[in-house]
There are 2 protein chains.
Amino acid sequence: MSKQRNITLKDLAKELNLSISTVSRALNQHPDIKPSTVERVTTLAKQRHYSPNLFAKSFRSRKTNILGVIVPNIAHYFTSTILKGILEKAEEKGYRVIISESKNNEVKQTEMLQTMTQFGVDGVLLALARKTTSVTDVLQILNRIPLVMFDKVSDKIPCTQIVIDDKEAAFNAVEHLINIGKKRIAIIKETENSFNSEKRFAGYLKALKEHNLPIDEKIILSTEDISLTNGRRLTNILISMKNPPDAIFAITDNAAIGAIKALNKFKIKIPEQIAVVGFSNSMNSTIIQPALSTVDQPGNKIGKTAVKYLIQEIEKPNEDVSIKTVKIKTSLIIRDSSFTA
Amino acid sequence: MSKQRNITLKDLAKELNLSISTVSRALNQHPDIKPSTVERVTTLAKQRHYSPNLFAKSFRSRKTNILGVIVPNIAHYFTSTILKGILEKAEEKGYRVIISESKNNEVKQTEMLQTMTQFGVDGVLLALARKTTSVTDVLQILNRIPLVMFDKVSDKIPCTQIVIDDKEAAFNAVEHLINIGKKRIAIIKETENSFNSEKRFAGYLKALKEHNLPIDEKIILSTEDISLTNGRRLTNILISMKNPPDAIFAITDNAAIGAIKALNKFKIKIPEQIAVVGFSNSMNSTIIQPALSTVDQPGNKIGKTAVKYLIQEIEKPNEDVSIKTVKIKTSLIIRDSSFTA
DNA sequence: AATCAAATTGCAATCGTTTGCGAGAACGTT
DNA sequence: AACGTTCTCGCAAACGATTGCAATTTGATT
């Protein structure tokens, strides 16, 4: 059961007693070719189910119409919504998408960047691996092909970046807690210099300051791995304090859900005694009891926007691409974990 | 800021006063080339950061080392774990992966199959769009390039398929419910002729029969869209019956979670009054209270296995590829929703 | 009928790499 | 010194498509 060979321009040309170039032009509606031959060529092409070898086309034009995407973890829900947006926009614009997972491994990340450029993708979309320390490899890529970053970015890399306004989003979330009457708001964040965590923390601080609330380091908790388990663990610490908080802002839904689980276990009333707000609007946030208030990040839009700017750079390389940081609007979704009638 | 051109064999050849072929052979450790020139070539290549144009290579060898993947929905958790497996195995074997979403749209699906073959991927991995009625387009592809299907498959397509044993998995789940003493087990399934739903239903029936339990059509409920909302809706129907079930088997975690939400609302004790078992081991299943018993489908393994067989077909096209259906083992995870000490 | 312009078509190069074959050089054998 | 091997290397074709330019045909004009 061997596979049938694709038919080429040459095949058509031979069968029609024409030159390859004439056949090519006939199929590309070049004005030079007389209508009758155009007719002959197109009918035979249809009959034989001719379809141009895109690979050969790409090879000649030095344009692959392929975008490379590198993300830390494809199975992360927020990431997958971004990918969805990327796929949609790319397809709409006639691009194919190669996806790779860096698994938060910096070495792998550079390897992937290299194979991608080596392979000849027209541009790369990149969400940095966590704790990416050296950006020199990325900078290398930058003067070879267009690059747009999203979600996990670094200001050390001069390229267009699509992000959400972490600081503002966190500010809004915390301000909401203040507005419902909370005065002692804890935060659960990451220790490592995570791009997002730091910005969200800044938003937290800003909200407290603007509302003249004291900042108490005892209720500013950090963890290396911002997981459900650690969210629960840190919440246990918070509720065993002599002066426990009346609200918890977790910079991740998972951690927030861990918090709720801990509070539920000790029958602490949410949101009356302690309110909880998370970040991401993951699937889980509506599953947990009570439903979690959280910041919605429009992944789809981020993906689409990233592709839009990347293709702009690809198709207009001459115009000096103004490097910009695009901030996608988030929205606070208020659910039972912070809702008071 | 124009991008720098990649350097080619020609460049190296000119600079070394050698022919392109010699340079090529030198870099590919061809025995014909004398050690001293190999030396000269390799050092210059390193110096100039030469890396072969993979696209040109592919073009010549007619081997792209690209696999195409088409799935209905990339943001579905189970699907994304499969993709993870696919990416891992593919990378390990030196293949790149192009991913497309059919969005359960049959027309899009065929379009994508066509662009992929037209582009020249070495093989395709396909999970069928729901309600795919006509498989003729897929059959068309089948005699052009290697194809392996997974998860959503059809027995009308003669190719290697990687699936889980839906029937057996469902059988085990229902038998488990019987073992903990349940005698009146409802099922929530899909109406449409979904490949998976029917098989799981068959497993349900088999378990009841083997244990001599009566089959009551009143507690066999179906829905077009097997969602959380519909799971809740149908459960409401079940608990308002004069003779309600003492267990619910939902063929999807989402529906099962909907069931739990409905039961919780009416303060029906889980699992004492009504036990619940789902299917998929999604993230949500540990978030809901009580934690959901469910069937774990090893997505990662499915993905890896699919790639393994696909590459086998690609690299040994002569040997008559024995078309086989590989069933990946599932395991029942027992949690609080069906646990009795 | 001769000439010229316009309409059609073909030649050949090109993209970057690999590879069969042949050519020339170096070396050893008699 | 003549011949045959063995080493090295370059030529040119090939993958499939596009395209500038030249070549050919056609038709029109005088």
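Residue numbers start from 1 in every chain, and the chains themselves are labelled A, B, ... in the order their sequence lines are given, proteins ahead of strands. Keep in mind the model is a prediction, meaning the values are calculated, not measured.
- Remark: B/Phe195 pairs with no residue by the ring pair (Phe, Tyr, Trp, His ring centres under 6.0 Å) rule, at least two apart or across chains.
- Atom NZ in A/Lys63 sits roughly 19 Å away from atom C1' in D/dG16 (whole-Å rounding).
- In this view, A/Ser80 satisfies the side-chain hydrogen bond (donor to acceptor under 3.5 Å, both in side chains) rule with no residue, not counting sequence neighbours.
- Contact check, A/Asn28 against D/dT18: a side-chain N or O comes under 4.0 Å of OP1 or OP2.
- Taking atom CD1 on A/Ile7 and atom C1' on D/dG16, their separation rounds to 12 Å, with Å as the unit.
- When the P atom of D/dA14 is taken as reference, atom CD1 of B/Ile20 falls 17 Å away, rounded to whole Å.
- Residues A/Gln118 and B/Pro52 share a closest heavy-atom pair of CG-O, 3.4 Å.
- Between A/Ser24 and D/dT18, a side-chain N or O to OP1/OP2 separation shorter than 4.0 Å is present.
- The distance from atom CZ of A/Phe55 to atom P of D/dT18 is 16 Å, rounded to the nearest whole Å.
- Backbone-only engagement by B/Thr8 is indicated by non-hydrogen atom pairs under 4.0 Å involving sugar-phosphate atoms exclusively.
- With sequence neighbours excluded, no residue satisfies side-chain hydrogen bond (donor to acceptor under 3.5 Å, both in side chains) with A/Thr325.
- For D/dT18, one of the phosphate oxygens OP1 or OP2 lies less than 4.0 angstrom from a side-chain nitrogen or oxygen of A/Lys57.
- Taking each heavy atom of B/Phe119 and B/Phe55 in turn, the nearest pair found is CZ-CZ, 4.4 Å.
- Contact annotation for A/Asp11: no contact, since no heavy-atom pair falls under 4.0 Å across all strands.
- Using a 4.0 Å heavy-atom cutoff across all strands shown, B/Arg62 reaches sugar-phosphate atoms only and no base atom.
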Please tabulate, for side-chain N and O atoms in residues 145-164 of chain B, each donor-acceptor pair with protein atoms closer than 3.5 Å (sequence neighbours left out).
from	atom 1	to	atom 2	distance (Å)
B/Ser154	OG	B/Lys156	N	3.0
B/Gln161	NE2	B/Ser154	O	3.0
B/Gln161	NE2	B/Ile157	O	3.2

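- Pairing each heavy atom of A/Leu87 with each of B/Ile99, the nearest pair is CD2-O, 3.3 Å.
- B/Phe59 is linked by a ring pair (Phe, Tyr, Trp, His ring centres under 6.0 Å) to A/Phe59, counting only residues two or more places apart in sequence or in another chain.
- In this structure, B/Asn73 and B/Asn104 have side chains that are not in contact, with every pair of non-hydrogen atoms separated by 4.5 Å or more.
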Give every donor-acceptor pair under 3.5 Å between a side-chain atom in residues 23-32 of chain A and any protein atom, sequence neighbours left out.
from	atom 1	to	atom 2	distance (Å)
A/Asn28	ND2	A/Ser24	O	3.2
A/His30	ND1	A/Asp32	N	3.1

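- Rounded to 10 degrees, the angle separating the terminal helix axes of the helix from C/dA1-D/dT30 to C/dT30-D/dA1, each built from five base pairs, is 80°.
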Between the protein and nucleotides 26-28 of chain D, list the N/O to N/O atom pairs that are separated by less than 3.5 angstrom.
none

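- Listed for the A/Thr79 side chain is no donor-acceptor partner under 3.5 Å among the backbone atoms of A/Ala75.
- In this structure, B/Leu18 reaches the sugar-phosphate backbone alone: every heavy-atom distance under 4.0 Å involves primed, P, OP1 or OP2 atoms, never a base.
- Taken residue by residue, residues 29-45 of chain A places no heavy atom nearer than 4.0 Å to DNA chain D.
- Counting to the nearest Å, the P atom of D/dC15 and the CG atom of A/Asn53 are 12 Å from each other.
- Along DNA chain D, the nucleotide nearest to B/Ser61 and the one nearest to B/Ser19 differ in position, and the one closer to the 5' end is contacted by B/Ser19.
- Between chain A and DNA chain C, the heavy-atom contact criterion of under 4.0 Å yields a 5' to 3' nucleotide range of C/dT8 to C/dG16.
- Closest approach to the A/Lys10 side chain among D/dC15, D/dC11, D/dT19 is made by D/dC15 (side chain taken as heavy atoms from C-beta onward).
- No contact: B/Asn6 has no heavy atom under 4.0 Å from any strand.
- B/Lys63 NZ: more than 12 foreign heavy atoms inside a 6.0 Å radius.
- Each of B/Arg25 and A/Tyr50 was assigned the nucleotide of DNA chain D with the nearest heavy atom; the assignment lying further toward the 5' end belongs to B/Arg25.
- Residues forming a side-chain hydrogen bond (donor to acceptor under 3.5 Å, both in side chains) with A/Glu101 (at least two apart in sequence, or on another chain): B/Lys84.
- Scanning for side-chain hydrogen bond (donor to acceptor under 3.5 Å, both in side chains) contacts around A/Lys103 gives B/Glu88, with sequence neighbours left out.
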